[in-house]
Amino acid sequence: MIPWTQLGSAQIPNNGGELKFSQRGDEFSIRLSGIRGELMNSRLYNSEKVLAELGCAHLTSTNNAQVLVGGLGMGYTLAAALKAVNENSQITVAELIPEVVEWNKGPLGNCAKNPLQDPRTKVHIGDVRQLLTIRKPTFDAILLDVDNGPEGLTQKDNSSIYSPQGLEDIYKTLRPKGMVAIWSAGPDQQFTLRLKKAGFKAEDRVVRARPGKGSRHTIFLGRKA
């Protein structure tokens with residue numbers, strides 16, 4: 001068995017803990033120190049890819065589409081979003097932790113075929129909430145893989161994104177017929193109802209971590225009426 005080699009570490013703001021970035025052969029892992037363990041693995045990305053496919057499905061023939069990706073992770077959601085939209089679109093990816101961006105510029109970027117190098121990509125280093133509170137129609141799709149889903153895991157502050165006020169902000173930041181897609185580690189019927197109360201036409205999908213196998217994750221979808 002090839003041992004893991006730690007390549008880097010990063011502190012999560014607001015005492016959120018420490019991320020550790022490691023490699024074993026051609027496999028990469030990002031872990032949260034302590035009992036939470038592995039957050040991301042370069043071999044388990046199907047649900048992150050499907051997040052973008054579902055959230056951008058309505059944009060295949062849209063010119064000048066504007067997409068916001070909340071959370072760079074290992075780049076798989078960004079890569080799938082770039083594949084889903086046309087050549088004159090722009091995708092803004094917001095990442096809170098600068099080191100994660102740097103890791104994706106290095107060998108990790110090869111896993112998702114280096115989406116940061118695509119000229120349609122714009123990087124915002126900072127809290128995605130800064131872009132979710134514009135409160136004027138700006139994005140055709142908002143794809144959120146922030147923390148663990150509607151309930152913050154590494155940062156409790158992230159829960160505010162999915163609060164009634166946070167969903168109202170997202171609704172107003174979407175263009176007409178825009179879509180918000182939210183990754184979650186598990187189902188949450190109350191959150192689906194919260195989306196509907198915010199004015200969205202809402203549904204959820206169960207997606208496996210690998211095609212046809214692995215952990216079951218949930219993608220929440222909300223279309224602006």
Side-chain angles (χ1 to χ4, degrees), residues 1-55 69-84 91 93-118 121 123-128 143-149 151-156 158 181-186 205-219:
M1 179 68 71
I2 301 174
W4 286 100
T5 299
Q6 184 172 324
L7 302 181
S9 63
Q11 292 295 322
I12 301 173
N14 302 320
N15 298 314
E18 182 184 34
L19 293 182
K20 292 186 177 181
F21 174 48
S22 302
Q23 180 178 10
R24 180 175 65 185
D26 60 356
E27 180 182 5
F28 294 89
S29 174
I30 296 178
R31 304 179 66 87
L32 178 63
S33 294
I35 61 173
R36 297 296 186 182
E38 189 171 68
L39 297 178
M40 290 167 261
N41 186 287
S42 60
R43 294 183 178 178
L44 304 172
Y45 60 85
N46 184 61
S47 59
E48 286 83 355
K49 178 171 71 74
V50 174
L51 172 69
E53 292 171 348
L54 293 175
V69 176
L72 174 59
M74 292 186 166
Y76 292 110
T77 299
L78 173 60
L82 288 165
K83 188 175 180 180
I91 299 182
V93 57
E95 174 54 53
L96 180 64
I97 302 170
E99 289 88 345
V100 173
V101 176
E102 293 305 312
W103 299 339
N104 275 271
K105 290 179 179 178
L108 175 60
N110 295 329
C111 296
K113 300 183 179 179
N114 297 296
L116 290 181
Q117 296 179 11
D118 193 298
T121 298
V123 178
H124 171 86
I125 298 179
D127 196 327
V128 69
L143 316 175
L144 297 177
D145 186 359
V146 178
D147 214 319
N148 206 42
E151 183 177 348
L153 172 64
T154 62
Q155 291 204 82
K156 291 301 180 183
N158 288 331
I182 298 166
W183 187 96
S184 176
R205 305 279 186 90
V206 176
V207 182
R208 304 296 287 269
R210 294 184 180 184
K213 60 182 179 180
S215 301
R216 288 176 169 83
H217 301 145
T218 300
I219 307 295

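Just the heavy atoms: all of them, side chains too, but no hydrogens, waters or symmetry mates, feed the values below.
Residues Leu144 and Trp183 are not in side-chain contact: their nearest non-hydrogen atoms beyond the backbone lie 4.5 Å or more apart. Two residues are said to be in side-chain contact when any heavy atoms from C-beta on lie closer than 4.5 Å; Glu53 and Val50 meet this criterion. Counting only heavy atoms from C-beta outward, the side chains of Arg208 and Arg216 approach each other to under 4.5 Å. In this structure, the side chains of Val123 and Glu95 stay at 4.5 Å or more apart for every pair of heavy atoms. Proximity of Leu108 to Cys111: side-chain heavy atoms (C-beta onward) are separated by under 4.5 Å at one or more points.
For Asn104 (side chain) and Val100 (main-chain N/O), a donor-acceptor pair under 3.5 Å exists by modelled atom type. Thr121 places a side-chain N or O within 3.5 Å of a backbone atom of Pro115 that can act as its donor or acceptor partner. Side-chain N or O atoms of Tyr76 include one that pairs as donor or acceptor with a backbone N or O of Ser42 at under 3.5 Å. Remark: the backbone N or O of Ala52 is not paired with any side-chain donor or acceptor of Thr77 at under 3.5 angstrom. Between the side chain of Gln11 and the main chain of Pro13, no donor-acceptor pair closer than 3.5 Å is present.
In this structure, Lys113 NZ and Leu78 CG are separated by 14.0 Å, a value rounded to the nearest 0.5 Å. The distance from the CD atom of Glu99 to the CD1 atom of Ile12 is 10.5 Å, given to the nearest 0.5 Å. Here the CE atom belonging to Met74 is positioned 11.5 Å from the CG atom belonging to Asp145, to the nearest 0.5 angstrom. Here the NZ atom belonging to Lys20 is positioned 12.5 Å from the CG atom belonging to Leu39, to the nearest 0.5 angstrom. Here Ile97 contributes atom CD1 and Trp103 contributes atom CH2; the two are 7.0 Å apart, rounded to the nearest 0.5 Å. Atom CG of Leu19 is separated from atom CG of Leu32 by 6.0 Å, given to the nearest 0.5 angstrom.
Salt bridge Arg43/Asp26: present, at least one basic N to carboxylate O contact under 4.0 Å.
The shortest non-hydrogen separation linking Met40 to Gly73 is SD-CA, 3.4 Å. The two residues Ser47 and His217 have their closest heavy-atom pair at OG-ND1, 2.8 Å. In this structure, Ile219 and Ala181 approach most closely via the heavy-atom pair CG2-CB, 4.5 Å. Minimum interatomic distance between Leu116 and Val93 (heavy atoms only, all atoms of both residues): CD2-CG1, 4.4 Å. Closest approach of Trp4 and Arg24 over heavy atoms only: NE1-NH1, 3.2 Å.
Around OH of Tyr45, the count of heavy atoms belonging to other residues, nucleotides or ligands within 6.0 Å does not exceed 12.
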